[in-house]
Amino acid sequence: MKIVKILQNKNFLFWVITSIILILGLYQFFLMQKNLIKESRSHIQKDFPAFFIAAKLANKKQNIYSLEKIKESADENQIPYTEYRANLYPPPFSLLISIFSGLNLYKAQEYFVILKIFILIVLSLLVPAMILNSSFYKSTFSVNERYLYTLLIFGLSLNFFALNNGIVSDMRDGQMNILTGFLVFLSFAFEVRFPVVSGFFIALGGSIKLSPYYLTMKFLFGKNKNSIFGTIVFSIFLFLASLYYFGFEIHKIFIQNIFIPFFKEDSIPILNWPLSHSQNQSFKGLFYRLFIPDYPDPLSGTQIIYYAPWIAKLLTLIFNFMVIGICSVIAYRSVKLNNIWSSGLTYSVFVSGALLTSPLTWFHHFSFLVFPFSVTIAYLVLEKRKEFKYMLFFIFIGILFALPPLFLYPETRIKGFSFLNYIKLFANCVFFLFIVKLYLGIEKQERTGNENN
């Protein structure tokens with residue numbers, strides 16, 4: 001009888017379920033990080049050597065965008081040169097990454113992987129801890145319940161991260177998107193009490209990759225003047241520091257040869273790869289693959305359905321405008337709600353929207369979604385735990401993001417309209433709409449509560 005009573009005790013079952021999920025999450029995450037650290041010690045990563053070479057050139061105050069200088073530095077550091085060693089990042093980034101320049105390549109790769117592992121663990125813990133310790137939940141749950149829910153969400157996040165193809169690709173390639181995603185979280189964490197600091201983290205993220213600057217629209221339409229001020233001031237500071245160090249010419253090269261062509265031309269600057277490359281999982285990548293000349297690579301090539309560049313550009317403009325419009329409306333309306341969920345989901349929809357509207361979104365760029373993933377998991381556990389359809393749908397989204405790059409397999413390439421070529425874009429579209437749905441649910445709940453009162 002005692003055993004039956006124990007099994008019927010909801011608190012006991014909650015402990016058991018939480019423990020199982022946490023153990024599975026820790027185990028999956030441990031296996032992932034173990035394999036990735038091991039690889040970083042013995043294999044040259046795909047992208048990190050480009051950052052490493054840029055850091056070496058920055059230390060010497062040489063042209064960080066010159067392919068000739070990059071080749072020379074690659075030879076000096078015994079790094080095989082390939083065309084994707086080209087540097088496409090803002091000048092301040094090369095100053096920031098120079099902290100690794102005193103190490104050899106393999107040690108730098110290892111430390112950077114460890115840094116991102118630490119970021120993922122911290123993010124998985126801080127998101128639920130911050131939400132559960134806000135005024136929104138202090139009166140709802142006891143201390144023990146908040147502790148248990150934190151561990152549950154932590155375990156679910158670790159499982160999700162370990163199985164997510166974009167996150168693993170970011171770690172394996174030596175990319176920066178987990179780092180910029182964490183900076184977006186820090187912007188969210190400081191926005192209410194220290195909005196200027198919130199703007200600083202967007203500026204810092206934007207100095208690494210331009211995508212965090214997409215969040216400035218949230219500040220603008222959310223009427224957050226202090227965060228806008230912080231973003232502008234710290235962006236100017238980072239630019240001036242970079243300008244002082246490198247001089248004017250390097251910045252001129254970046255603006256003329258990289259920044260403007262990204263938005264104006266139909267190919268990736270310096271590399272001269274067309275934006276129709278199969279890995280490009282943005283709206284621009286989709287429509288350029290459908291209506292602009294093929295990318296004739298034997299492995300990752302594409303095949304257009306009809307040559308009409310004007311259709312590609314028009315559809316890109318329409319879909320990008322729709323996403324920007326939805327993000328802007330949510331940012332404007334979220335001010336009225338002014339709670340931790342409205343803020344977290346607004347940040348999330350902007351991060352997802354940034355990847356949809358970017359001229360270039362590779363598979364590993366989806367690791368930029370680490371904060372939206374964490375927020376969504378926390379929201380479903382805390383607010384939708386009795387509505388299993390939401391969690392089941394999110395699991396479906398997780399499966400889409402977990403799938404490997406299917407374009408690599410010849411049998412999946414059935415002309416340009418092959419659905420499997422756009423699986424990650426589809427996953428992010430579904431995720432974007434899912435976040436919007438969750439946000440609208442909060443608004444509806446708020447209206448219902450006000451009417452009842």
Side-chain angles (χ1 to χ4, degrees), residues 46-47 50 82-84 86-89 165-167 169-170 172-173 175-177 180 209-211 214 258-309 311-324 351-369 400-401 403-409 412-432:
K46 185 176 180 180
D47 295 317
T82 64
E83 56 187 349
Y84 45 81
N87 181 19
L88 303 176
Y89 293 82
N165 176 260
I167 290 172
S169 295
D170 182 287
R172 181 168 286 124
D173 293 346
Q175 262 289 341
M176 301 288 156
N177 307 288
T180 53
K209 304 190 83 167
L210 297 175
S211 48
Y214 193 85
I258 298 173
F259 180 76
I260 293 176
F262 251 129
F263 296 93
K264 187 178 178 182
E265 298 179 5
D266 299 339
S267 61
I268 301 170
I270 298 180
L271 298 176
N272 291 319
W273 295 355
L275 291 173
S276 59
H277 192 291
S278 294
Q279 281 207 50
N280 188 1
Q281 298 287 297
S282 66
F283 284 134
K284 194 167 192 175
L286 166 66
F287 296 121
Y288 276 42
R289 272 197 297 279
L290 293 177
F291 300 107
I292 289 181
D294 303 351
Y295 178 57
D297 185 273
L299 187 63
S300 58
T302 59
Q303 190 174 356
I304 63 169
I305 58 173
Y306 182 70
Y307 178 71
I311 294 180
K313 293 175 182 179
L314 178 62
L315 288 174
T316 300
L317 183 65
I318 291 171
F319 275 76
N320 284 355
F321 181 78
M322 288 170 58
V323 169
I324 292 170
V351 173
S352 178
L355 294 173
L356 290 173
T357 58
S358 170
L360 188 67
T361 301
W362 295 131
F363 285 106
H364 54 235
H365 289 159
F366 290 104
S367 58
F368 186 45
L369 293 167
L400 293 177
F401 277 114
L403 289 171
L406 295 176
F407 77 90
L408 291 175
Y409 305 102
T412 69
R413 285 186 268 116
I414 312 168
K415 287 188 173 291
F417 51 83
S418 172
F419 171 72
L420 296 177
N421 279 341
Y422 319 122
I423 194 72
K424 300 298 183 183
L425 171 60
F426 176 70
N428 193 28
C429 286
V430 174
F431 186 49
F432 177 83

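The minimum heavy-atom distance between Ser367 and Gly166, with the atom names listed, is CB-O, 3.7 Å. The shortest heavy-atom contact between His364 and Asp47 is CE1-OD2, 3.3 Å. Of all non-hydrogen atoms in Pro359 and Phe262, the two that sit nearest each other are CB-O, 3.5 Å.
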Is there a side-chain hydrogen bond (donor to acceptor under 3.5 Å, both in side chains) between Lys209 and His365? Walk through the geometry before answering. CA-CA 11 Å; Lys209 304 190 83 167; His365 289 159; 3.1 Å; yes
Between Thr357 and Asn320, does a side-chain hydrogen bond (donor to acceptor under 3.5 Å, both in side chains) hold up when you go through it step by step? CA-CA 5 Å; Thr357 58; Asn320 284 355; 5.1 Å; no
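Side-chain contact between Leu356 and Cys429 is present, with at least one heavy-atom pair separated by less than 4.5 Å. Within the 4.5 Å cutoff, the side chain of Phe401 has heavy atoms near those of the Asn428 side chain. For the pair Phe259 and Leu210, the minimum side-chain heavy-atom distance is below 4.5 Å. With a 4.5 Å cut-off on side-chain heavy atoms, Ile167 and Asn177 do not count as touching. The shortest side-chain heavy-atom distance between Ser282 and Leu286 does not fall under the 4.5 Å cut-off.
Interatomic distance, CG of Leu314 versus CZ of Phe319, reported as 10.0 Å (0.5 Å rounding). Note that CZ of Phe366 and CZ of Phe431 are 11.5 Å apart. Values are rounded to the nearest 0.5 Å. Distance CD1/Ile258 to CG/Asn87: 6.5 Å, rounded to 0.5 Å. Rounding to the nearest 0.5 Å places CH2 of Trp362 at 10.5 Å from CD of Gln175. In this structure, CG on Asp266 lies 4.5 Å from OH on Tyr288, to the nearest 0.5 angstrom. Between atom CG of residue Leu425 and atom NZ of residue Lys284 there is a gap of 14.5 Å, rounded to the nearest 0.5 Å.
The backbone N or O of Ala312 sits less than 3.5 Å from a side-chain atom of Thr316, completing a donor-acceptor pair. Asn280 places a side-chain N or O within 3.5 Å of a backbone atom of Thr361 that can act as its donor or acceptor partner.
For Tyr306 and Phe291, the ring centers sit 6.0 Å or farther from each other.
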